[in-house]
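Here is the structure we will look at.
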Amino acid sequence: MASKKNYILAIESSCDDTSAAVLCNTKVLSNVVATQEIHKQYGGVVPELASRAHQQNIVPVVHQALAKANIDKKQLSAIAFTRGPGLMGSLLVGTSFAKSLALGLNIPLIEVNHMEAHILAHFIEEEDMGTPEFPFLAMTISGGHTQIVRVNDYFNMEVLGETLDDAVGEAFDKSAKLMGLPYPGGPLVDKYAQEGNPKAFPFPKPKVDGLNFSFSGLKTSILYFVQRETRKNPDFVSENIKDICASVQHTILEILMDKLKLAINQTGIKQIAIGGGVAANSGIRSRLKEAEQTMGWTTYIPKFSYCTDNAGMIGIVGYLKFLEGKFADQKVAAKARYTIGS
Ligand code: KG4
Ligand code: ZN
């Protein structure tokens, strides 16, 4: 079957990006993402507005994905969609659309776990992108998730640790907000950090057992720090923005690297694959490259467009499930809480 050309249309609508992709087997032919700008003015994602924007975007985004791939919907072999986890109102839009289209075209429907998709994005066939071998460790770091997963096979994964409160992207965004930076602040913190001193302001690292994470304490200590210093000097933040960003980023990276080291010690697996929007961070990228040299790790970082929420990653899971005949029926419902392997 693998030599045959199978065309999968994939749909992602779990949070605030409406995305559609067309794959031919493991190759992504198109991957269209409509990012919802409306949330910027609120400093975070507003679920009701996200759901409404998905309804407006989904038809044009799907059309665009088919047109870019130069594929007619009659050529499609299956429709894959994000079933969860995510915002219920957002998931419902993609789920209902995918179910109706699969029914109309009389082709198989494939449900996809968004977190598994962030991991399996590494199997998209792309120049300059290596593919990890099983077993490997995956660290998914984004605005919605922070997990370390042992990946034994495509559909045999085990969550070793995850955040107990905020996701790492939220830690970046909330810290940025405290410094008066616009949402999402992660990329700006990264930009300023590159010119600042990471040791200028030490922030405490949380003490969390095992491979779980916690980021809410860091946000609180940054808040108190900024309030205290601003009382002494109202211009403290603007005068020290580079050093504060570098120090915040340094603390976050230390937390991530400490847990990765622990996961490697516990499992003996030295292959690390990362994904999620925070994988774009220049600091984490250079730390991982450094670890290849100093600790003998092998690291995999996908193209940025496959790191952030996108339907290409849903499509690769769709294709892998298609090969195994893992289809969903029309009764399938969106699942806001959907853990890996459940
Ligand atoms: O994967 P993503 O697009 O959406 C979610 O599933 O959340 O990730 C977005 C998150 C935001 O929190 C954003 O601030 C963060 O990724 N991010 C970064 C960088 N680029 C994006 N954080 C730190 N450094 C970056 N360069
Ligand atoms: Zn995501």
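Just so you know, ligand 1 is whichever comes first in the structure, and atom 1 is the first atom listed for that ligand.
Of the protein's heavy atoms, Asn281 ND2, 2.9 Å lies nearest to atom 24 (N) of ligand 1. Atom 10 (C) of ligand 1 has Gly143 N, 3.4 Å as its closest protein atom, hydrogens excluded (heavy atom only). For atom 26 (N) of ligand 1, the closest non-hydrogen atom of the protein is Asp190 OD2, 2.9 Å. Scanning the protein for heavy atoms near atom 22 (N) of ligand 1, the closest one is Gly186 CA, 3.5 Å. Looking from atom 13 (C) of ligand 1 to the surrounding protein, the closest heavy atom is Asp173 OD1, 3.8 Å. What sits closest to atom 21 (C) of ligand 1 on the protein, heavy atoms only, is Gly277 O, 3.4 Å. Nearest non-hydrogen protein atom to atom 15 (C) of ligand 1 is Val278 CG2, 3.9 Å. Of all protein heavy atoms, the one lying nearest to atom 4 (O) of ligand 1 is Asp309 OD2, 3.8 Å.
Around the Zn ion (ligand 2), the protein atoms of type N, O or S that sit closer than 2.8 Å are His114 NE2, His118 NE2, His145 NE2, Asp309 OD1.
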Are Lys73 and Leu9 close enough, and set up right, to give a side chain to side chain contact (heavy atoms under 4.5 Å, CB included), and what steps lead you there? CA-CA 9 Å; Lys73 56 184 183 307; Leu9 171 71; over 6 Å; no
Before giving the answer on side chain to side chain contact (heavy atoms under 4.5 Å, CB included), spell out for Asp72 and Tyr7 the whole-Å C-alpha distance, their side-chain angles and the decisive distance to 0.1 Å. CA-CA 10 Å; Asp72 187 273; Tyr7 296 103; over 6 Å; no
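The parts of Thr308 lying near ligand 1 are both backbone and side chain, judged by heavy-atom distances below 4.0 Å.
For Asn310 and Ser19, the side-chain atoms include no donor-acceptor pair closer than 3.5 Å. There is a side-chain donor-acceptor pair under 3.5 Å between Asp190 and Gln194. Looking at Glu324 and Tyr154, their side chains never bring a donor and an acceptor atom within 3.5 Å of each other. Side-chain N/O atoms of Glu12 and Thr82 include a donor and acceptor closer than 3.5 Å.
Asp309 places a side-chain heavy atom less than 4.5 Å from the side chain of His118. Between Gln249 and Phe172 the shortest side-chain heavy-atom distance falls below 4.5 Å.
Within the structure, ligand 1 has Pro187 among the residues with a heavy atom less than 4.0 angstrom away. The closest approach between Lys191 and ligand 1 stays at or above 4.0 Å for every heavy atom of the residue.
Annotation: Gly276 places no N or O atom under 3.5 Å from an N or O atom of ligand 1; distance criterion only. For the pair Phe172 and ligand 1, the shortest N or O to N or O distance does not fall below 3.5 Å.
Sorted by first and then second residue, the ring pair (Phe, Tyr, Trp, His ring centres under 6.0 Å) pairs involving residues 236-275 (not counting sequence neighbours) are Phe201-Phe236, Phe225-Phe236.
A centroid separation of less than 6.0 Å is found between the aromatic rings of Phe123 and Phe134.
In this structure, Lys270 contributes its side chain and Thr298 its backbone to no donor-acceptor pair below 3.5 Å.
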